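Structure record follows, encoded as structure tokens.
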Amino acid sequence: MASSDQVVSVIIVGAGGHACVVADVVRLHPTWRLLGLISSDLPKNHHRPDGLAILGGMEVVATLAQQPDTVAVVAIGHCATRLRVADEVAGVGMRFVAVVHAQAIVAGDVTIGAGTVVAAGAVINPRCRVAEHVIINTGALLESGAIVEQGAHVAPGAIIGAGAVVGAGALVGVGAIVTAGFTLGPGVVVGVGAVVESDVPRDVTVVGRPALALR
């Protein structure tokens, strides 16, 4: 990685709404330069109304991976797809960067994995661990000692209680609460506004207050 005062070029893999959010964070960083978006679904060199350029598909990523000052972040909201695409990007030798908004609050001892995005207004308290390719979305709160595993998504306004664990690829919906000390297994989906008051096994969807398995 370049030194702290050296300009780093960033590409965003994805071209949907989440990519727009990530682009805004990258543009605010004092030493980052946004090159554009990677998408195989839109014409190469296409410029969108918001000014973001489509650089091309994975062939462009493979070329840019040879440049030591270029890094990537996968900006795809769907957890499983984000992890799959991240594997493809890593497979061509591209490195990832964690993208943390200047208006997020992150305690000094927090670990944040490469490729993770922390949006504006998020709060991550001491002793938390956030793995690779996670989304901690706008206004989300991680209380002390919470763990968010690879590829999970903590949606806007969601709260992860102290010591709680969000498993790999899990989604905690908008405004939902995972009560302190409980664990969500991999692939769990917590519905909007739900309150989790027990452990949830893998690949289960829970809704309601208290959260119960959706049948």
Side-chain angles (χ1 to χ4, degrees), residues 18 21-22 25 73-87 90 96-215:
H18 184 52
V21 173
V22 176
V25 182
V73 58
V74 179
I76 296 173
H78 186 266
C79 295
T81 303
R82 185 168 64 260
L83 284 172
R84 176 180 57 78
V85 172
D87 283 344
F96 297 100
V97 65
V99 176
V100 180
H101 197 286
Q103 294 181 7
I105 299 173
V106 181
D109 66 346
V110 169
T111 59
I112 296 177
T116 283
V117 174
V118 181
V123 177
I124 306 179
N125 279 316
R127 299 187 298 111
C128 289
R129 300 202 312 271
V130 181
E132 299 82 7
H133 308 297
V134 166
I135 301 172
I136 306 298
N137 222 318
T138 309
L141 169 62
L142 272 59
E143 291 288 11
S144 61
I147 297 172
V148 183
E149 296 181 343
Q150 186 180 39
H153 181 179
V154 181
I159 298 173
I160 310 301
V165 178
V166 179
L171 168 63
V172 182
V174 174
I177 299 171
V178 180
T179 305
F182 293 115
T183 296
L184 307 181
V188 163
V189 176
V190 179
V192 172
V195 178
V196 175
E197 297 180 346
S198 61
D199 293 342
V200 181
R202 68 178 305 136
D203 298 323
V204 170
T205 297
V206 294
V207 296
R209 293 173 170 248
L212 300 174
L214 185 65
R215 300 185 184 278

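Position 1 is the first residue of the sequence, and the numbers go up from there. Predicted model, so just to flag it, every value in this text is computed and none were measured.
Across every non-hydrogen atom of Ala158 and Val172, the tightest pair is CB-CG1, 3.9 Å. Across all non-hydrogen atoms, the minimal contact from Ala164 to Val178 is CB-CG1, 3.9 Å. Here the shortest heavy-atom pairing between Gly185 and Val188 reads O-CG2, 3.1 Å. Nearest heavy atoms, Ile76 versus Ile135: O-CD1, 4.0 Å. For Ile136 against Ala122, the heavy-atom pair with the smallest separation is CG2-CB, 3.9 Å. Considering every non-hydrogen atom in both Val74 and Ala86, the closest pair reads CG2-CA, 3.9 Å.
The side chain to side chain contact (heavy atoms under 4.5 Å, CB included) test applied to Val174 returns Ala155, Pro156, Val192, not counting sequence neighbours. Partners of Ala75 by side chain to side chain contact (heavy atoms under 4.5 Å, CB included), not counting sequence neighbours, listed by chain and number: Ile12, His18, Ala19, Val22.
The side chain to side chain contact (heavy atoms under 4.5 Å, CB included) test with Val134 singles out one residue from Val118, Thr116, Val117, and that residue is Thr116. Under the side chain to side chain contact (heavy atoms under 4.5 Å, CB included) rule, Val166 has a single partner from Leu142, Val190, Val148, which is Val148.
Residue pairs meeting the side-chain hydrogen bond (donor to acceptor under 3.5 Å, both in side chains) criterion with at least one partner in residues 130-141, sequence neighbours excluded, are Asn137-His153. Applying the ring-ring contact (aromatic ring centres under 6.0 Å, His included) definition to pairs two or more places apart or across chains, none involves residues 183-212. Annotation: salt bridge (charged side-chain N to carboxylate O under 4.0 Å, His left out) contacts involving residues 77-86, sequence neighbours excluded, comprise Arg84-Glu88. For residues 184-213, the set of pairs meeting the ring-ring contact (aromatic ring centres under 6.0 Å, His included) definition, not counting sequence neighbours, is empty. Screening residues 140-149 for side-chain hydrogen bond (donor to acceptor under 3.5 Å, both in side chains) gives Asn125-Glu143 as the qualifying pairs, with residues at least two apart or on separate chains. For the side-chain hydrogen bond (donor to acceptor under 3.5 Å, both in side chains) condition, no pair includes a residue of residues 189-214, sequence neighbours left out. Within the structure, no pair that satisfies the side-chain hydrogen bond (donor to acceptor under 3.5 Å, both in side chains) test touches residues 159-179, not counting sequence neighbours. Legend: ring-ring contact (aromatic ring centres under 6.0 Å, His included) pairs involving residues 164-211, not counting sequence neighbours: none detected.
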Throw together a table of side-chain donor-acceptor distances under 3.5 angstrom for residues 101-113, partners on residues two or more places apart or in other chains.
unit_1 : atom_1 : unit_2 : atom_2 : d
His101 : ND1    : Gln103 : N      : 2.9
Asp109 : OD1    : Arg127 : N      : 3.1
Asp109 : OD2    : Arg127 : N      : 3.2

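With rounding to the nearest 0.5 Å, the separation of CD1 in Ile159 from CG in Leu141 is 5.5 Å.
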